[in-house]
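Both ligands and their constituent atoms are indexed starting at 1 by order of listing. Computed from a prediction, not measured in an experiment: that's the story for all the values here.
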Amino acid sequence: MKILFLGDVVGRAGRRAITEHLPGLRERWKLDFVVVNGENATGGMGLSGEHAKSFLAAGADVVTLGDHAFDQKDMLSFCEREPRIIRPLNFAKGAPGRGIGVYPDTRGRKVVVAQVLGQVFMKRAFDDPFSTIEAALKPYPRGGQAQAILVDMHCEATSEKMAMGHYLDGRASVVVGTHTHVPTADAMILPGGTAYQTDAGMCGDYYSVIGMDKAEPMRRFVTGMAKSRFEPAMGEVTLSGLYVETDDTTGKATRVEMVREGGRLAASGP
Ligand SMILES: [Fe+2]
Ligand SMILES: [Fe+2]
């Protein structure tokens with residue numbers, strides 16, 4: 001199965017790049033299944049139902065969220081109505097929506113998608129992601145009913161993401177990190193057949209501070225004082241993520257490539 005994962009979409013420029021380019025990528029790379037992280041798509045903070053719909057219409061099979069899951073208030077009810085939205089499993093006990101789901105690909109094969117939040121350097125104390133994902137994946141052994149299993153590990157620390165990659169090696173087909181918005185150059189297949197990248201990067205303008213117009217973040221770093229809100233940068237967008245091919249019988253990854261399409265980052269892809 002040919003799977004594409006795209007990292008955090010940032011703001012209007014990121015959204016436009018998804019709606020303009022994802023349909024073409026689906027065709028060109030003959031993709032069977034696409035997951036897009038949308039946690040920063042609406043004004044840089046959260047995802048509105050309207051914008052989620054535009055990603056699904058452009059060819060995303062599932063949209064994952066993150067710590068910004070509910071920054072846009074309509075997502076509280078939208079994610080209850082739309083099963084293709086995945087929020088972190090360990091967001092909060094009473095959070096609406098779901099953190100894991102099973103979805104059909106182009107040929108009716110099944111893909112499990114789940115997301116967990118890490119604990120290191122995060123704004124809130126979230127529940128242990130390791131025991132949470134362990135329990136959630138128990139009904140879906142790799143090589144069983146589902147042909148592929150993808151876990152989005154959303155957190156700040158590279159160490160915690162790597163630990164999750166190894167923890168799920170042999171259980172997931174793909175473990176990919178999100179949240180830090182800068183792609184790491186460590187895409188690999190772990191010994192147990194799990195495709196892994198510490199951070200997928202963002203779908204946004206890289207001539208920025210992690211997707212935000214650079215003026216205000218620089219002012220805050222340099223002077224320690226805030227003057228205005230963070231605004232998403234509006235320049236040319238690089239679509240960033242991970243391309244994975246998996247074996248339908250075993251669920252193991254057989255090929256992994258980093259993806260960088262368009263914009264200022266050096267190109268890379270299958
Ligand atoms: Fe995040
Ligand atoms: Fe993000």
Side-chain angles (χ1 to χ4, degrees), residues 4-18 35-48 51-52 55 60 62-73 75-76 79 85-92 95 97 99 113-127 129 132-133 150-162 164 175-184 197-214 216-217 220 229-235 237-242 258-260 263 265:
L4 175 67
F5 181 89
L6 290 173
D8 312 31
V9 178
V10 183
R12 195 193 319 156
R15 293 198 311 269
R16 197 185 299 145
I18 293 286
V35 180
V36 174
N37 183 301
E39 75 145 0
N40 305 103
T42 304
M45 305 281 178
L47 175 67
S48 70
H51 294 158
F55 293 165
V62 172
V63 179
T64 56
L65 296 170
D67 53 317
H68 291 291
F70 302 112
D71 287 7
Q72 300 294 322
K73 295 302 158 234
M75 186 49 71
L76 289 163
C79 73
I85 301 288
I86 288 289
R87 48 89 173 150
L89 276 163
N90 54 342
F91 189 89
V113 180
Q115 183 182 55
V116 277
L117 287 161
Q119 296 178 301
V120 180
F121 305 137
M122 297 300 280
K123 265 173 266 161
R124 276 176 48 215
F126 298 107
D127 282 353
T132 302
I133 193 72
L150 182 146
V151 176
D152 174 346
M153 171 62 168
H154 194 84
C155 67
E156 202 73 51
T158 47
S159 55
E160 195 176 12
K161 297 190 217 202
M162 293 191 91
M164 183 58 82
V175 175
V176 60
T178 53
H179 178 74
T180 44
H181 294 199
V182 179
T184 56
Q197 186 180 9
T198 299
D199 201 283
M202 65 172 168
C203 296
D205 171 10
Y206 279 82
Y207 191 45
S208 69
V209 175
I210 61 169
M212 295 297 155
D213 182 274
K214 61 190 171 15
E216 180 61 18
R220 292 192 197 181
R229 321 177 11 175
F230 289 139
E231 296 289 349
M234 286 301 293
V237 165
T238 303
L239 293 177
S240 248
L242 192 62
M258 292 182 283
V259 168
R260 292 187 295 265
L265 294 192

Engineer: Would you say D152 and T64 are linked by a side-chain donor-acceptor pair, where the criterion is simply a distance under 3.5 Å?
Structural biologist: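 Note: T64 and D152 side chains meet the donor-acceptor criterion.
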
Engineer: Confirm or rule out an N/O/S atom of D67, from backbone or side chain, lying less than 2.8 Å from the Fe ion (ligand 2).
Structural biologist: no

Engineer: So which of the N, O or S atoms of D8 lies nearest the Fe ion (ligand 2)?
Structural biologist: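 This turns out to be OD2.
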
Engineer: Could you tell me the angle subtended at the Fe ion (ligand 1) by NE2 of H154 and ND1 of H179, rounded to 10°?
Structural biologist: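 Output for this angle: 90°, rounded to tens.
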
Engineer: Please tell me whether D199 and T180 have a donor and an acceptor in their side chains that are separated by less than 3.5 angstrom.
Structural biologist: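 Per modelled atom types, D199 and T180 side chains form a pair under 3.5 Å.
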
Engineer: Looking at the Fe ion (ligand 2), which N/O/S atom of E39 is the nearest one?
Structural biologist: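 This turns out to be OE2.
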
Engineer: From H181, does some N, O or S atom reach closer than 2.8 Å to the Fe ion (ligand 2)?
Structural biologist: yes

Engineer: Is the ring pair H154/H179 parallel, tilted or perpendicular, if the boundaries are 30 and 60 degrees?
Structural biologist: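 Correct class here is perpendicular.
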
Engineer: Could you state the interatomic distance from CG (L242) to CZ (F5), rounded to the nearest 0.5 Å?
Structural biologist: 8.5 Å

Engineer: Using a distance-only test with no angle check, is there a side-chain donor-acceptor pair under 3.5 angstrom linking H68 and D8?
Structural biologist: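 Checked: H68/D8 side chains show no N/O donor-acceptor pair below 3.5 Å.
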
Engineer: Is the distance between the Fe ion (ligand 2) and the nearest N/O/S atom of N40 smaller than 2.8 Å?
Structural biologist: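 Yes.
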
